[in-house]
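Note that ligands are numbered from 1 as they come in the structure, with each ligand's atoms numbered from 1 the same way. Since this is a predicted model, take the numbers as computed values, not measurements. Hydrogens, waters and symmetry mates play no part in the numbers below; they use all other heavy atoms, side chains included.
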Amino acid sequence: MDVVVSRLVEDAVLAARIGAMRAGGLALAVGGDRVARLLHRPWRRDPYPVYAELRAAQTRPGGGPVRSRIGITALATHASCEAVLRDRRFGVQPAGGGSRLGGRAAETGDGGSLLEPLDLSLLTLDPPDHTRLRRLAQPAFAPRRLAHYRTVAERVTGELLDAAVARSRTEGRFDLVRDLASPLPIAVISALLDVPEVDDERFARWGRALGTALDGVRSPTHARELADARTALRSMLAGLLDQRRADPGEDVLSALATAVDGDGATVDEALALAQLLLVAGFETTTNLIGNAVQALQRTPGHWAALAADPGLAAAAVEETLRFDPPVQLTARFAHEDLEVDGVPLRRDSGVLVLLAAANRDPAVHPDPDRFDLHREQAAPHLAFSGGVHYCLGAPLARLEGEVALRVLAERAPRLRLAGRAVPRVATVLRGPLSLPVTA
Ligand code: HEM
């Protein structure tokens, strides 16, 4: 009974906190605060006009990065975003520590927090811990390992599309997300961690649940789902880690097990890192494939061009990453008093780095709102961020995207949209939840 009561109290506290954060932000959004608008409907359905306004405000004479009343400064130009990502005077945690959402009132039984249900490992660490742990995961993306993942991606894409195209014949359509974009990254990450096939289904279920954590907690129910998935996944990974300590292989978990034994990482650090690889590589890659097919279908002549030359798949991936990136933004904290684009920032103040806005900056990408498969990429896009947190899985994401689009173009050259896409309602992640197509 006590447990039930305390859960109810916790849920009420959580609901109040989430509600208060939402209501405060919404009032500001309605009042014209463009940064707050990125967090709320209807603006976040199509954030690109808001990004354009923020960029215009930043670049006009006497302007500068827009400071929101939610207490954060937004960066919307390519130059300012890239500069902050590379600047060692910024970190992913406040220099003074603390200020993490949630706090003790929302702690779960195993030491997690309901408002921050997931230890996002590298994403929330500054050097030197970040440097030490990132080095441990690096071998998972060595060229020889990538060649192995390519074989897995090609086999799995072939199998998934055989089933999807057959379904399209009998039912008239299939769902690109459910039938290809979602299961493919899970299969590849299973290979990366060498998860036994018997656990694949549970692994996928928890990955799906935890992927939503990258966008924050929506409700007490969502918080509970995340906490439950986290606990279950952690126990599965802990079992695998033990097994690899006894019998190491070539996978990243074996490398982590060796590091734990050699004092290179604690068990908690190893488990959080393994968990991050699942979470960071799942929904992001799903969105990449979904956004690519959507853009190729909606831009006249583009799907036909890819179908005529599936070798253009890599170019399609790169242009999608620029035009409609799966991860729209990230954040940093100033570690000392400094200035960005003429605006002073005090130590520990936060900046929102709008990666998707930077990718449409006309100063570096001519005619930026046009999706163009044949675009000369004049400057690198920021879809994978920059500086020390540059996406560790970027080569794998590119590989999976390229294989998915190439094999799709080969097997379904006459692919067409076959109904309304269901968009994800989120701020950080962007991509369709469902995309009906016909082969
Ligand atoms: C299209 C797919 C992907 C996109 C758009 C993407 C995007 C990003 C971005 C923007 C960051 C940096 C965030 C920041 O600077 O705060 C990041 C970091 C990271 N990504 Fe990816 N990612 C993708 C796929 C993957 C995959 C497939 C994996 C691994 C299986 C992965 C693993 C990671 C890891 C481990 C980090 C943390 C790096 C660090 O903090 O040092 N990502 N990703």
Side-chain angles (χ1 to χ4, degrees), residues 75 81-82 84-87 90-93 118-141 145-146 149-150 152-153 181 184-193 195 207 211 214 251-253 256 269 272-292 314 316-333 350-356 358-359 380-405 428-431:
L75 303 176
C81 288
E82 191 176 39
V84 163
L85 291 171
R86 289 174 179 272
D87 191 335
F90 284 88
V92 292
Q93 293 287 348
L118 207 54
D119 176 349
L120 288 173
S121 180
L122 298 179
L123 284 175
T124 54
L125 291 173
D126 286 318
D129 286 338
H130 174 265
T131 322
R132 173 175 53 87
L133 289 175
R134 184 166 165 123
R135 214 171 276 142
L136 294 181
Q138 206 93 50
F141 304 97
R145 298 295 296 157
L146 286 170
Y149 307 143
R150 177 174 288 279
V152 174
L184 174 61
I186 279 284
V188 175
I189 299 163
S190 299
L192 192 139
L193 296 171
V195 172
L214 288 179
D251 60 291
V252 71
L253 271 179
L256 292 175
E269 286 173 335
L273 187 49
Q275 206 166 254
L276 172 67
L277 291 171
L278 168 64
V279 173
F282 179 20
E283 296 280 359
T284 49
T285 314
T286 300
N287 290 349
L288 170 63
I289 299 167
N291 290 353
V317 165
E318 236 33 58
E319 177 63 346
T320 304
L321 287 165
R322 182 199 70 80
F323 178 79
D324 201 12
V327 178
Q328 296 266 299
L329 54 91
T330 183
R332 294 290 186 268
F333 293 95
V351 289
L352 211 52
V353 184
L354 299 172
L355 306 170
N359 284 0
H381 56 69
L382 296 182
F384 291 125
S385 187
V388 297
H389 291 276
Y390 181 83
C391 176
L392 195 54
L396 180 56
R398 287 188 160 114
L399 180 160
E400 289 181 56
E402 188 268 326
V403 168
L405 292 182
V428 178
L429 298 178
R430 182 169 165 81

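Heavy atoms from both the backbone and the side chain of Leu122 come within less than 4.0 Å of ligand 1. Of the heavy atoms in His389, both backbone and side-chain atoms come closer than 4.0 Å to ligand 1.
Residue nearest to atom 4 (C) of ligand 1, selected from Tyr149, Phe384, Phe141: Phe384 (by heavy-atom distance). Of the listed residues (Leu125, Asn291, Leu288), the one carrying the non-hydrogen atom nearest atom 1 (C) of ligand 1 is Leu288.
In summary, the atoms of ligand 1 found under 4.0 Å from a heavy atom of Thr284, numbered by their order in the structure, are 1 (C), 2 (C), 3 (C), 4 (C), 23 (C), 24 (C). Near Leu276, with a cut-off below 4.0 Å to any heavy atom, the atoms of ligand 1 are 35 (C). Within the listing of ligand 1, atoms 41 (O) sit less than 4.0 angstrom from a heavy atom of Val388. The atoms of ligand 1 that sit less than 4.0 Å from any heavy atom of Ala397 are 1 (C), 2 (C), 24 (C).
For the residue pair Gly290 and Ala181, the shortest heavy atom distance occurs at N-CB, 4.4 Å. Counting all heavy atoms, side chain and backbone alike, Arg430 lies closest to Asn291 at O-ND2, 3.0 Å. What you find for Val92 and Ala331 is that their closest heavy atoms are CG1-O, 4.5 Å.
Between the CG atom in Leu75 and the CD atom in Glu82 there is a gap of 12.5 Å [rounded to 0.5 Å].
Checking only distances, Arg332 does come within under 3.5 Å of ligand 1, N or O to N or O. For ligand 1, the polar-atom distance check against Tyr390 finds no nitrogen or oxygen pair separated by under 3.5 Å. Of the polar atoms of Arg134, at least one N or O is found under 3.5 Å from an N or O of ligand 1, judged by distance alone.
Looking only at protein heavy atoms, the nearest one to atom 8 (C) of ligand 1 is Cys391 CB, 3.7 Å. Of all protein heavy atoms, the one closest to atom 13 (C) of ligand 1 is Leu123 CD2, 3.7 Å. For atom 36 (C) of ligand 1, the closest non-hydrogen atom on the protein side is Leu392 N, 4.1 Å. The shortest contact between atom 10 (C) of ligand 1 and any protein heavy atom is with Ala383 O, 3.4 Å.
Residue contacts with ligand 1: Phe282 is excluded, as none of its non-hydrogen atoms falls under 4.0 Å. The closest approach between His130 and ligand 1 falls below 4.0 Å for a heavy atom of the residue.
Salt-bridge annotation for Arg398 and Glu402: absent, with no side-chain N of the basic residue lying under 4.0 Å from a carboxylate O of the acidic one.
At a threshold of 4.5 Å between non-hydrogen side-chain atoms, the residues Leu405 and Val317 count as touching.
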Worksheet entry | Working for side-chain contact (heavy atoms from CB on, under 4.5 Å), residues Val353 and Leu382 | CA-CA 10 Å; Val353 184; Leu382 296 182; 5.8 Å; no
